[in-house]
Amino acid sequence: MTTMTEASVREFKMPDVGEGLTEAEILKWFVQPGDTVTDGQVVCEVETAKAAVELPIPYDGVVRELHFPEGTTVDVGTAIIAVDVSGGAAPAAEEPAPVAEQPAAPRPAEEPKAQGSGRQPVLVGYGVAASSTRRRPRKGPEVPVQQASTAIQTELNGHGAAPPATPAGRERPLAKPPVRKLAKDLGVDLTDVVPTGPDGIITREDVHAAVARTQAPQQEAPAAAAPAPAQTAVSYDTARETRIPVKGVRKATAAAMVGSAFTAPHVTEFVTVDVTRTMKLVEELKEDKEFAGLRVNPLLLIAKALLVAIKRNPDINASWDEAAQEIVVKHYVNLGIAAATPRGLIVPNIKDAHAKTLPQLAESLGELVSTARDGKTSPAAMQGGTVTITNVGVFGVDTGTPLLNPGESAILAVGAIKLQPWVHKGKVKPRQVTTLALSFDHRLVDGELGSKVLADVAAILEQPKRLITWA
């Protein structure tokens with residue numbers, strides 16, 4: 001058996017993959033104990049409050065331990081995987097040796113700084129700790145089996161506290177403190193739970209399975225079931241309802257929308273416009289060789305119309321600095337596009353959209369949409385937006401009153417484009433018509449400015465040649 005020293009083990013910690021994030025959920029492990037990994041290899045996928053991100057390991061070695069199962073939310077800075085970097089083979093699995101209650105041998109003062117160890121490569125937001133490895137328990141004198149079991153249970157219960165009393169004849173089930181809390185919150189007796197974890201440890205999934213087994217046969221569900229804890233990613237069903245933990249992107253979106261609604265005084269204005277000429281231009285551009293291989297749709301021209309309107313009314317592209325009590329006018333436009341994904345609503349943005357030609361804007365829109373659909377939008381792509389478009393028309397909705405993306409001054413909602421009777425050149429004719437809605441922060445955008453921007457967008461979509469004459 002290969003023996004690994006503490007110095008040969010590296011603990012990879014959950015990095016801050018965004019700006020100021022405090023936690024992330026482990027969605028999927030791509031490696032298992034015993035697998036060989038190389039520097040830069042992706043070992044897991046995690047979901048933050050902003051996006052799903054793949055994490056690469058920053059060194060070579062053999063996976064020794066995965067500290068958390070899939071579906072666990074882990075604080076930034078917490079070790080999630082241990083890797084033996086000594087170059088030897090992975091150790092064979094073995095039962096944990098009984099632990100004698102004896103003090104550990106003192107360590108030399110210079111040991112925390114191993115000679116020649118150097119600085120470990122790190123990710124952004126991931127610092128190097130002086131020592132974050134876990135020492136293999138020392139083998140002490142043999143102890144009775146009952147004492148060994150008690151020692152293991154004491155370790156699982158945390159901080160060396162003695163386990164609570166258990167009725168005579170019933171062995172105390174093994175479970176970590178968060179799992180015990182989950183069971184307590186859900187009213188589950190751990191002695192009735194079938195463990196599936198290593199060494200007979202009860203997992204979160206085991207607790208939820210016990211809840212499902214208990215409640216599924218019931219005809220009447222409790223009037224108010226206990227809420228699922230924020231730490232678990234597993235939804236569970238009762239006979240009449242399904243509870244889904246609010247976390248990750250959905251949790252961040254909820255918090256952001258509440259903050260936006262009760263911080264910025266929203267005003268929304270509406271206009272209905274004939275976009276028949278814009279729809280004809282869309283069809284013409286699809287045949288233009290400059291747009292070969294690019295996705296051309298009404299959203300492309302709506303986005304360009306908004307960018308031209310911002311150029312004509314630059315004060316709309318601003319933010320409110322509460323601390324400094326200043327209005328900050330941006331001389332660039334990072335155009336946000338609201339996108340519905342399986343993980344919830346996200347708003348990635350096209351950086352410096354104002355400086356892009358129409359074909360370049362089409363390419364950026366295509367990349368943004370495909371990346372969002374694949375769930376690969378990076379946190380950086382959702383930061384720094386200035387103005388947003390939300391296309392509710394794709395759902396057949398006429399219009400809405402959109403909430404501002406936090407930190408932005410305006411958001412344009414685009415309704416469904418429908419064939420409707422419209423007065424055109426003095427006669428009622430069928431025309432392609434849509435309704436636009438512009439919400440803006442009334443602290444920095446007054447009614448005149450907001451109205452001008454919305455009117456400009458409508459005018460361009462009615463007469464798209466203004467994309468040239470007003471640009």
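The CG atom of Asp274 sits 11.5 Å away from the CE atom of Met279 when rounded to the nearest 0.5 Å. Atoms CD and OG1, on Glu23 and Thr78 in that order, are 10.5 Å from each other to the nearest 0.5 Å. Ile80 CD1 to His67 NE2: the interatomic distance, rounded to the nearest 0.5 Å, is 9.0 Å. Taking CD1 of Ile26 as the start and OG1 of Thr73 as the end, the distance is 8.5 Å to the nearest 0.5 Å. Atom CD1 of Ile468 is separated from atom CD1 of Ile460 by 11.5 Å, given to the nearest 0.5 angstrom.
The closest donor-acceptor contact from the side chain of Asn297 to the backbone of Leu300 lies under 3.5 Å. Side-chain atoms of Thr276 come within 3.5 Å of backbone atoms of Gln432 as a donor-acceptor pair (strictly under, hydrogens ignored). Side chain of His266 to main chain of Ala264: a donor-acceptor pair is present (N/O by atom type, distance under 3.5 Å, no hydrogens or angles). No donor-acceptor distance shorter than 3.5 angstrom exists from the side chain of Asn349 to the backbone of Leu335, with no hydrogens or angles considered. Judged by distance alone, with hydrogens and angles left aside, the side-chain atoms of Asp60 form a donor-acceptor pair with the main-chain N or O of Asp39 at under 3.5 Å. A distance-only check finds a donor-acceptor pair linking the side chain of Asn317 to the backbone of Tyr332 [under 3.5 Å]. Listed for the Gln325 side chain is a donor-acceptor partner under 3.5 Å among the backbone atoms of Glu322. Using modelled atom types, one side-chain atom of Thr278 and one backbone atom of Leu461 make a donor-acceptor pair closer than 3.5 Å. In this structure, Thr386 contributes its side chain and Asn334 its backbone to a donor-acceptor pair below 3.5 Å. With hydrogens and angles ignored, the 3.5 Å screen pairs no side-chain donor or acceptor of His442 with any backbone N or O of Val267.
Residues Gly447 and Ser451 come closest through the heavy atom pair O-OG, 2.7 Å. The heavy-atom pair separating Glu70 from Lys28 by the smallest distance is OE2-CA, 3.5 Å. Between Gly450 and Glu269 the shortest heavy-atom distance is C-OE1, 3.8 Å. Nearest heavy atoms, Thr399 versus Ala437: OG1-CB, 3.4 Å. Shown here for Val9 and Ala82, the closest heavy-atom pair between the two residues is CG1-CB, 4.0 Å. Summarising the geometry of Leu361 relative to Ala303, their closest heavy-atom pair is CD2-CB, 4.2 Å, with the distance given to 0.1 Å.
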(request) In sequence, state the C-alpha distance, the side-chain angles, and the governing distance for Arg466 and Val308, and then conclude on side-chain contact (heavy atoms from CB on, under 4.5 Å). (result) CA-CA 9 Å; Arg466 292 189 173 111; Val308 172; over 6 Å; no
(request) List the steps, then state whether side-chain contact (heavy atoms from CB on, under 4.5 Å) holds for Asn313 with Asp315. (result) CA-CA 6 Å; Asn313 306 275; Asp315 288 348; over 6 Å; no
(request) Please assess Lys286 against Glu283 for the test salt bridge (charged side-chain N to carboxylate O under 4.0 Å, His left out), listing each intermediate value before the final yes or no. (result) CA-CA 5 Å; Lys286 288 180 179 179; Glu283 296 304 317; 3.4 Å; yes
(request) Begin from the C-alpha positions of Leu285 and Leu301 and carry the test side-chain contact (heavy atoms from CB on, under 4.5 Å) through to its verdict. (result) CA-CA 10 Å; Leu285 293 178; Leu301 295 185; 4.0 Å; yes
(message) Using the rule given for side-chain contact (heavy atoms from CB on, under 4.5 Å), can you reason through Glu54 versus Lys376, listing the C-alpha separation, both sets of side-chain angles and the distance that settles it, and then say yes or no?
(response) CA-CA 9 Å; Glu54 293 180 339; Lys376 302 299 183 183; 3.3 Å; yes
Show which side-chain atoms of residues 410-428 pair as donor or acceptor with protein atoms under 3.5 Å away, not counting sequence neighbours.
unit_1	atom_1	unit_2	atom_2	d
Lys418	NZ	Asp398	OD1	2.9

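Thr371 and Thr377 are not linked by any side-chain donor-acceptor pair at a separation below 3.5 angstrom, with hydrogens and angles left out of the test. Between the side chains of Thr203 and Asp206, at least one donor N or O sits under 3.5 Å from an acceptor N or O.
The neighbour count for Lys452 NZ, taken as heavy atoms of other residues, nucleotides or ligands under 6.0 Å away, does not exceed 12. The number of heavy-atom neighbours closer than 6.0 Å to CZ of Arg373, taken from other residues, nucleotides and ligands shown, is 12 or below.
Taking Leu66 as the reference, Trp29, Val31, Gln32, Pro33, Val63, Ile81 meet the side chain to side chain contact (heavy atoms under 4.5 Å, CB included) condition, with sequence neighbours excluded.
Between Lys304 and Lys356 there is no side-chain heavy-atom pair separated by less than 4.5 Å. Between Asp456 and Trp470, the closest side-chain pair of non-hydrogen atoms falls below 4.5 Å. Residues Glu408 and Thr388 are in side-chain contact: their nearest non-hydrogen atoms beyond the backbone lie under 4.5 Å apart.
Annotation: side chain to side chain donor-acceptor pair (under 3.5 Å) contacts involving residues 287-296, sequence neighbours excluded, are absent.
Salt bridge Glu11/Arg64: absent, no basic N to carboxylate O contact under 4.0 Å.
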